[in-house]
Amino acid sequence: MRKIMSYTPQFLAWYKQNKRDLPWRETTDPYAIWLSEIILQQTRIDQGLNYYLKFIERFPCVIDFANATEDEVLKMWQGLGYYSRARNMHTTAKTIVSQFQGEFPASYKELMQLKGVGEYTAAAIASIAFNLPHAAVDGNVYRVLSRLFGIDLPIDTGQGKKAFTQLANELIDHQHPGNFNQAVMEFGAIQCTPRNPDCTICPFKQSCQAYLSNTINKLPVKKGKVKIRKRYFNYLVIVSDSSTFLQKRTQNDIWKNLYEFPLVETEKEVTSEAVLEQFFETPQTASSLYITDETSWKKQVLSHQHIFYRFIYLKIERKSDIPATLVKVNKKDIFNFAVPKPIEKELEKTNWQ
DNA sequence: CACCCGTGGCC
DNA sequence: TGGCCAAGGGT
């Protein structure tokens with residue numbers, strides 16, 4: 001136990017010397033901490049920083065956030081990915097206002113009840129905003145502790161998570177829990193990196209079990225590999241004089257509650273004629289349709305899926321052939337809608353005046 | 001527990 | 001190039 005405890009001041013000292021200057025480190029406002037923690041879930045600081053600044057500016061407090069529409073929140077989140085984070089944040093903002101008088105609860109247990117707040121985020125908010133001794137165990141912490149102590153338990157199993165969380169809670173500094181948690185994470189992000197860490201300048205090189213046994217690149221251990229599903233999306237861009245058509249993805253699927261062009265999903269790459277047949281069903285509609293353009297197939301890589309997609313530009317002579325379920329959108333308003341990355345890229349190619 | 005949910009950077 | 005990884009959480 002003595003040996004374990006001795007690491008704690010070293011982490012704090014390293015953090016004081018090496019921490020990056022970041023906006024959410026200038027406050028203990030639980031709202032700001034919550035916002036930054038959700039944005040940074042599975043997301044690099046470089047990618048999330050501007051989103052954080054944009055959200056703080058538009059929503060200075062949780063009440064402002066709660067009063068927004070989900071469409072606006074998703075539009076602001078566009079491009080960050082894992083859109084359930086944005087939907088859950090909106091739910092939680094409304095919960096904070098309606099059930100907690102606009103103030104974040106100051107306990108780990110209550111924080112855990114909030115949508116989108118799991119063990120890691122609850123511990124991060126509890127320690128940073130409320131100075132409570134809960135270890136925040138993220139990917140950095142798994143990596144640092146597995147190497148420092150030479151632990152080869154898989155980090156993506158219940159047993160592994162429990163062991164590393166327990167170890168982190170033994171190490172945590174009870175006087176400065178927020179700084180300690182951020183210190184270990186920052187250490188993992190800057191010094192104890194996943195690939196090619198420079199162990200020659202590491203303050204723990206004389207005690208790090210992985211370094212001493214030359215197993216840095218074997219730790220941490222992960223079990224599972226994810227299966228990748230391939231899907232084929234044919235998007236129909238129906239353009240008339242001043243408007244086009246979108247639809248909202250309301251199913252429990254990727255990009256939920258974002259907007260997209262009318263979609264025909266197929267089992268493989270098929271001809272555009274086959275796509276139109278599937279979409280318009282009634283054969284007589286065909287005489288009313290004209291394909292004006294057709295893009296090549298492109299690929300969007302998601303965490304569990306590879307989406308192969310293309311766009312088919314259409315003119316439709318009889319307006320009655322346009323399905324009534326589609327949302328008619330004035331061209332000049334098209335950038336007001338939250339859209340997934342493939343749609344965003346395609347929109348940027350066209351002049352929507 | 002197994003599976004699902006985005007995007008971008010790196011080597 | 002393609003696989004890995006990033007301040008995870010929900011179901």
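So that the names make sense, note that chain A is the first sequence line, chain B the second, and so on, each numbered from 1.
With hydrogens and angles ignored, the 3.5 Å screen pairs no side-chain donor or acceptor of A/K331 with any backbone N or O of A/S243. In this structure a side-chain-to-backbone donor-acceptor pair under 3.5 Å is present from A/N169 to A/A135. The closest donor-acceptor contact from the side chain of A/E294 to the backbone of A/I312 lies at 3.5 Å or more, if one exists at all.
With both ends at atom P, the span from C/dG9 to B/dG8 equals 22 Å, rounded to whole Å. Comparing the C1' positions of C/dA7 and B/dC3 gives an interatomic distance of 23 Å, to the nearest angstrom.
Contact between the side-chain N/O atoms of A/S36 and the OP1/OP2 oxygens of C/dA7 is not found at any separation under 4.0 Å. Phosphate proximity of B/dC1 to A/K223: absent, as no side-chain N or O sits under 4.0 Å from OP1 or OP2. Taking 4.0 angstrom as the limit, A/Y142 places none of its side-chain polar atoms (N or O) nearer than this to OP1 or OP2 of C/dG8. Regarding contacts with the backbone of B/dG6, every side-chain N or O of A/Q42 stays at 4.0 angstrom or more from both OP1 and OP2.
Atom-to-atom, CD of A/Q300 to P of C/dG2 comes out at 15 Å; the value is rounded to the nearest Å. Look at CD on A/E260: it is 12 Å from P on B/dG6, rounded to the nearest Å. Atom CG of A/L22 is separated from atom C1' of C/dA7 by 11 Å (rounded to the nearest Å). The nearest whole Å value for the distance from the CD1 atom in A/I228 to the C1' atom in B/dA2 is 15 Å. For the pair A/R87 CZ and B/dC4 P, the computed distance is 16 Å after rounding to whole Å. Look at CZ on A/R85: it is 13 Å from P on C/dG10, rounded to the nearest Å. Spacing between atom CG of A/D156 and atom C1' of C/dC5 amounts to 13 Å, rounded to whole angstrom units. Taking atom CG of residue A/N196 and atom P of nucleotide C/dC4, one finds them 16 Å apart after rounding to whole Å.
Relative to the side chain of A/R20, the nucleotides C/dA7, B/dC5, C/dA6 differ in distance, and C/dA7 lies closest. If you check B/dC5, B/dG6, C/dA7 against the side chain of A/Q47, the one that comes closest is B/dG6. The side chain of A/N88 approaches C/dG10 more closely than any other nucleotide in the set C/dA6, C/dA7, C/dG10. Of the candidate nucleotides B/dC5, C/dA7, B/dG6, B/dG6 has the atom lying nearest to any side-chain atom of A/L302. Comparing atom distances between the A/Y83 side chain and each of C/dA7, B/dC5, B/dG6 picks out B/dG6 as nearest. Here the side chain of A/R195 is nearest to one of C/dG9, B/dC4, B/dC10, namely B/dC10. Comparing B/dC5, C/dA6, C/dG10 by their closest approach to the side chain of A/R44 singles out C/dA6. If you check B/dT7, C/dA7, C/dG9 against the side chain of A/W255, the one that comes closest is B/dT7.
If you check every strand for non-hydrogen atoms under 4.0 Å, A/R229 touches nothing. Counting any heavy atom pair closer than 4.0 Å across all strands shown, A/G79 reaches sugar-phosphate atoms only and no base atom. Using a 4.0 Å heavy-atom distance criterion, A/G188 is classed as making no nucleic acid contact. Contacts of A/A189 with the nucleic acid, taken as non-hydrogen atoms under 4.0 Å apart, involve only primed sugar atoms and P, OP1 or OP2. As judged by a 4.0 angstrom heavy-atom cut-off over every strand, A/V117 is placed among residues touching the sugar-phosphate backbone only. Residue A/D253 is classed as a sugar-phosphate contact, given heavy-atom separations below 4.0 Å to backbone atoms only. Contacts of A/W77 with the nucleic acid, taken as non-hydrogen atoms under 4.0 Å apart, are absent. Residue A/L80 is in base contact, counting any heavy-atom pair closer than 4.0 Å across all strands shown. Within the 4.0 angstrom heavy-atom criterion, only backbone atoms of the sugar-phosphate kind lie near A/Q305; the bases stay farther away.
Test A/T244, A/L236, A/I238 against A/F261 for side-chain contact (heavy atoms from CB on, under 4.5 Å) and you get one pass: A/T244. For the side-chain contact (heavy atoms from CB on, under 4.5 Å) test with A/W255, the passing option among A/R249, A/K341, A/K248 is A/R249; the others fail.
Taking 4.5 Å as the limit, some side-chain heavy atom of A/R87 sits within range of a side-chain heavy atom of A/N257.
Comparing A/S303 and A/K115 against DNA chain C, the residue whose closest nucleotide sits nearer the 5' end is A/S303. The 5' end of DNA chain C is approached more closely, in terms of each residue's nearest nucleotide, by A/I45 than by the other of A/I45 and A/M112. Each of A/R231 and A/T157 lies near DNA chain B, and the nucleotide nearest A/T157 is the one positioned closer to the 5' end. Nearest-nucleotide positions on DNA chain B for A/Q159 and A/L258 put A/Q159 closer to the 5' end.
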With salt bridge (Lys or Arg N to Asp or Glu O under 4.0 Å) as the criterion, how do A/E70 and A/K94 come out once you've worked through the C-alpha distance, each side chain's angles and the decisive distance to 0.1 Å?
CA-CA 11 Å; A/E70 186 188 87; A/K94 292 199 275 194; over 6 Å; no

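Relative orientation of the A/F308 and A/H306 rings is perpendicular, given thresholds of 30° and 60° on the angle between their planes.
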